[in-house]
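Have a look at the structure below before the remarks.
Just so it is clear: chains get the letters A, B, ... in the order the sequence lines come, proteins before strands, and each one is counted from 1. In what follows, every heavy atom counts, from backbone to side chain, and hydrogens, waters and symmetry copies are set aside.
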2 protein chains.
Amino acid sequence: MPVTARPPGRPRAGIDATVFAATLTTVAELGYANATVDRIAAAAGVAKTTVYRRWPSKGALITACLVDAFGPAPLTGTDRAEILAAAIRWAAGKVADPGVGAAFAGVFTDAVNDPELRGILATQLQDPYRVALQEALDEPENRVLFFIDVVIGTLIHRMGMTGEPMVAADVDALVDMVLRVLG
Amino acid sequence: MPVTARPPGRPRAGIDATVFAATLTTVAELGYANATVDRIAAAAGVAKTTVYRRWPSKGALITACLVDAFGPAPLTGTDRAEILAAAIRWAAGKVADPGVGAAFAGVFTDAVNDPELRGILATQLQDPYRVALQEALDEPENRVLFFIDVVIGTLIHRMGMTGEPMVAADVDALVDMVLRVLG
DNA sequence: GCCATTATGCTACTTCTAGTATCGATACCC
DNA sequence: GGGTATCGATACTAGAAGTAGCATAATGGC
């Protein structure tokens with residue numbers, strides 16, 4: 001029994017999941033810049049005002065959508081090398097999912113000049129993985145942050161410059177490179 | 001004597017350099033999102049229409065500004081390791097220049113969902129360095145592109161997530177990591 | 001010095017999007 | 001059925017990208 005009793009009134013239906021799905025498909029079809037909140041709301045079958053009641057800004061919506069799309073990191077493996085390799089391949093696969101890479105790159109760009117959104121992105125999306133990696137690898141924070149910069153930065157740069165996710169051979173090269181330093 | 005004779009009429013003054021300088025200072029002061037074409041033009045002391053007569057879009061202006069700010073890469077050194085290390089440190093220094101990193105991250109983000117701008121960015125900014133690196137390192141194109149993804153992606157990711165350029169110690173780590181693979 | 005030529009400055013405009021306000025309708029739990 | 005909080009719909013504001021039209025200014029050539 002939860003401490004907070006369910007409040008009375010019209011409850012929220014499964015709107016979050018519907019909006020998240022609509023966000024990814026809209027971004028995948030039209031691109032981040034053309035995925036306006038109006039269009040996302042229409043694709044989800046909800047009113048734009050409903051979106052803004054649940055998320056304070058478009059960037060916050062995209063970030064929440066990405067947190068949902070990525071989910072918990074599968075830090076599985078018997079040793080550091082296996083954990084790292086699995087984490088990199090998992091990240092590469094997620095970035096290659098339809099809409100995820102474009103949404104990631106888009107919200108990242110928006111965050112560059114929006115300190116508030118940057119905090120949301122760092123806290124809600126990056127920090128859980130950073131903390132989990134610090135524990136799984138027994139590495140200091142700055143080392144894990146560097147690892148995230150390299151892996152995510154490389155994947156997003158490829159996605160942004162070519163419009164296509166990184167091919168398997170290059171993901172292999174990324175895994176090899178990182179393992180030589182942190183493995 | 002150039003093949004194309006100078007056309008008659010009012011010649012262009014040194015407007016390009018003025019606008020480029022105003023672009024970087026405006027982006028450095030206000031951030032990419034707030035560096036509107038109106039404000040950049042005002043900072044440069046020219047009319048907005050003049051900017052749009054010279055560059056077809058804001059993204060093209062920023063790209064041209066970055067091409068000017070980066071200039072030719074100093075691929076100096078007696079061996080591959082020296083060349084690579086110098087190139088990485090040079091890139092890190094440029095990204096850390098006031099306005100350059102933010103402008104780079106911003107135009108990169110814009111390019112993700114704008115194929116036309118992506119072409120401009122790849123052709124005018126990336127390709128010259130790619131070709132020069134291919135010759136200097138005697139590496140195939142896909143290998144050099146991977147190198148660029150890693151170095152620029154890492155630097156931009158750090159800049160985007162923290163708002164600050166990468167510190168020297170982490171640039172050292174980046175150099176070490178790349179040298180283990182390509183050096 | 002004058003003229004043709006071309007770029008610039010200026011004003012106004014269109015279009016699009018993020019985000020907000022208001023209010024009636026609706027769905028849920030009790 | 002009633003209370004409550006959310007949803008839908010419409011309308012709105014503010015701001016930025018990009019465009020149009022025209023008067024003006026600066027240059028080289030004569």
| In whole Å, what is the span from the CG atom of A:D38 to the P atom of C:dG19? | 12 Å
| request: Choose from D:dA17, C:dT17, D:dG8 the nucleotide whose nearest atom is closest to any side-chain atom of A:T50. | output: D:dG8
| message | Need to verify one output field. Residue with the more 5' nearest nucleotide on DNA chain C, B:K48 or B:G45? | response | B:G45
| request: Compare side-chain N and O positions of B:R54 against OP1 and OP2 of C:dT8 and report whether any pair is under 4.0 Å apart. | output: yes
| Is the distance from OP1 or OP2 of C:dG9 to the nearest side-chain N or O of B:T49 less than 4.0 Å? | no
| message | If the cut-off is 4.0 Å, is B:R53 near the phosphate of D:dT19, judged by side-chain N/O to OP1 or OP2? | response | no
| query | What is the minimum heavy-atom distance between A:A28 and A:P98, and which atoms define it? | reply | CB-C, 3.9 Å
| Value in whole Å for how far the P atom of D:dT19 lies from CH2 of B:W55 | 15 Å
| task | Would you mind reading off the distance between A:Y52 atom OH and C:dT20 atom P, rounded to a whole angstrom? | result | 7 Å
| said: From CG of B:N34 over to P of D:dA17, roughly how many Å is that when rounded to an integer? | reply: 10 Å
| field | Whether over 12 other heavy atoms sit under 6.0 Å from A:E82 CD | value | yes
| Heavy-atom closest pair, residues A:I40 and A:A35 | CD1-O, 3.7 Å
| said: Just the rounded figure in Å: distance from P of C:dT6 to CD1 of B:I15. | reply: 17 Å
| note | Only one of B:E135, B:E139, B:E141 passes salt bridge (Lys or Arg N to Asp or Glu O under 4.0 Å) with B:R130, and that residue is B:E141
| request: Using whole Å, report how far CZ of A:R39 lies from C1' of C:dA18. | output: 13 Å
| note | Atom CG of A:L61 and atom C1' of C:dG19 are separated, to the nearest Å, by 13 Å
| request: Return the value, rounded to whole Å, for the distance between atom NZ of B:K58 and atom P of D:dG18. | output: 9 Å
